[in-house]
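When a ligand or atom number is given, it counts from 1 through the structure's own listing order. Predicted model only: the values in this text are computed from it and were never measured.
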Amino acid sequence: MAGSLPSVTLNTGRLMPIVGFGTFQIVGRSQIFRVVDAALASGYRSFDTAAVYGNEEDIGEALRELLPKYGLTRNDIFLTSKLAPSDHGKNAAERAARDSLSRLGVSYLDMYLVHWPGVAGIPMESSRNLQIRTETWNALSALYKQGILRGIGVSNYTVKHLEELFASCEVKPAINQVEFHPHFQQKELFKFCEAHGIHLQAYSSLGGSHNRSLVQDPVVTSISQRLGKSPAQVLLRWAVQQGVGVLPKSVTPNRIAENIKLNFPLSEADMMALASIKRVEKYAWNPARVA
Ligand code: NDP
């Protein structure tokens with residue numbers, strides 16, 4: 001249960017549960033109600049959505065309807081959404097944040113992330129990406145200061161993107177949400193974020209929805225069998241034990257429950273074995289070429 005798992009203290013001073021519920025590709029009112037209900041029952045108190053997921057309205061409605069069943073209110077939930085790549089730029093960014101608030105039916109967001117360092121419609125290599133995403137960041141910083149966004153952060157930012165952001169930003173990002181798992185360990189980025197007080201939050205910890213090679217990796221399955229834990233739990237625990245947040249996505253009630261039961265230790269040897277997996281594979285989009 002979430003109660004036995006730590007929260008992380010962000011550089012805003014606010015707490016965030018280290019395990020959140022991922023909602024990419026979960027759509028449709030009845031499905032959203034079913035999974036949000038299962039997630040709340042299992043102890044999730046943090047939900048990750050995005051404008052591009054097309055599910056903000058249903059998630060907002062499901063939370064409003066289901067929270068009282070668990071004796072919870074809006075303030076008990078950590079809600080994250082993200083700015084779409086098509087909404088970069090000063091005016092568009094402010095409008096996008098307000099639109100997300102309105103679709104979710106909330107007066108504030110706990111976290112709002114720049115989903116992607118590139119601007120939709122501009123070539124990845126163009127230096128205009130930097131100029132426009134800087135405007136985006138300044139617009140979000142103003143909303144953070146107003147308290148409508150209680151935390152702001154980025155997603156899919158490389159060390160280069162972060163260094164450029166630091167050169168001009170007044171508000172430092174609280175989070176960098178990136179692909180992170182034993183097949184894509186991002187050691188340099190992880191170290192960089194730690195050194196700058198940015199919380200690294202992992203996505204696709206299980207390899208995403210279209211690939212089973214991570215949950216079927218022989219190192220993962222052998223640890224899983226020895227400990228009597230599922231491969232997913234081993235992968236999620238590996239991140240959490242390093243202080244990295246996770247956002248497992250599932251529409252399957254028993255998996256939803258299992259993915260938050262991570263209160264078991266992995267030995268140093270098992271942590272090392274997972275960190276030593278040689279296979280390097282990226283399962284989601286790659287921001288390395290975005291200027
Ligand atoms: P995950 O790595 O969480 O994997 C989801 C897949 O794993 C689904 O097919 C799910 O199946 C399956 N699964 C879930 N639990 C288990 C289990 N216990 N055992 C075996 N299989 C399991 O995928 P995502 O790519 O969705 O990443 C998680 C979240 O991270 C997203 O939902 C989103 O919130 C965020 N994200 C952010 C991105 C960004 O650019 N910022 C990019 C990608 C993701 P089923 O649902 O059928 O149970």
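With D48 as reference, K82 is the one residue of K249, Q201, K82 to meet the side-chain hydrogen bond (donor to acceptor under 3.5 Å, both in side chains) rule.
Ordered by chain and residue number, the residues placing a heavy atom less than 4.0 Å from ligand 1 are G22, T23, F24, D48, Y53, K82, H115, S155, N156, Q177, Y203, S204, S205, L206, G207, G208, S209, R212, A232, L247, P248, K249, S250, V251, T252, R255, E258, N259, W285.
No side-chain donor-acceptor contact under 3.5 Å links T252 to the backbone of N254. For S126 (side chain) and I122 (main-chain N/O), no donor-acceptor pair under 3.5 Å exists by modelled atom type.
Remark: R74 pairs with I77, L79, V106, Y108, D110 by the side chain to side chain contact (heavy atoms under 4.5 Å, CB included) rule, at least two apart or across chains.
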Start with the C-alpha distance between E170 and K145, add both sets of side-chain angles, then the distance that settles salt bridge (charged side-chain N to carboxylate O under 4.0 Å, His left out), and finish with yes or no.
CA-CA 11 Å; E170 248 187 87; K145 286 180 192 161; 2.7 Å; yes

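Considering only heavy atoms from C-beta on, H161 comes within 4.5 Å of R133 through its side chain.
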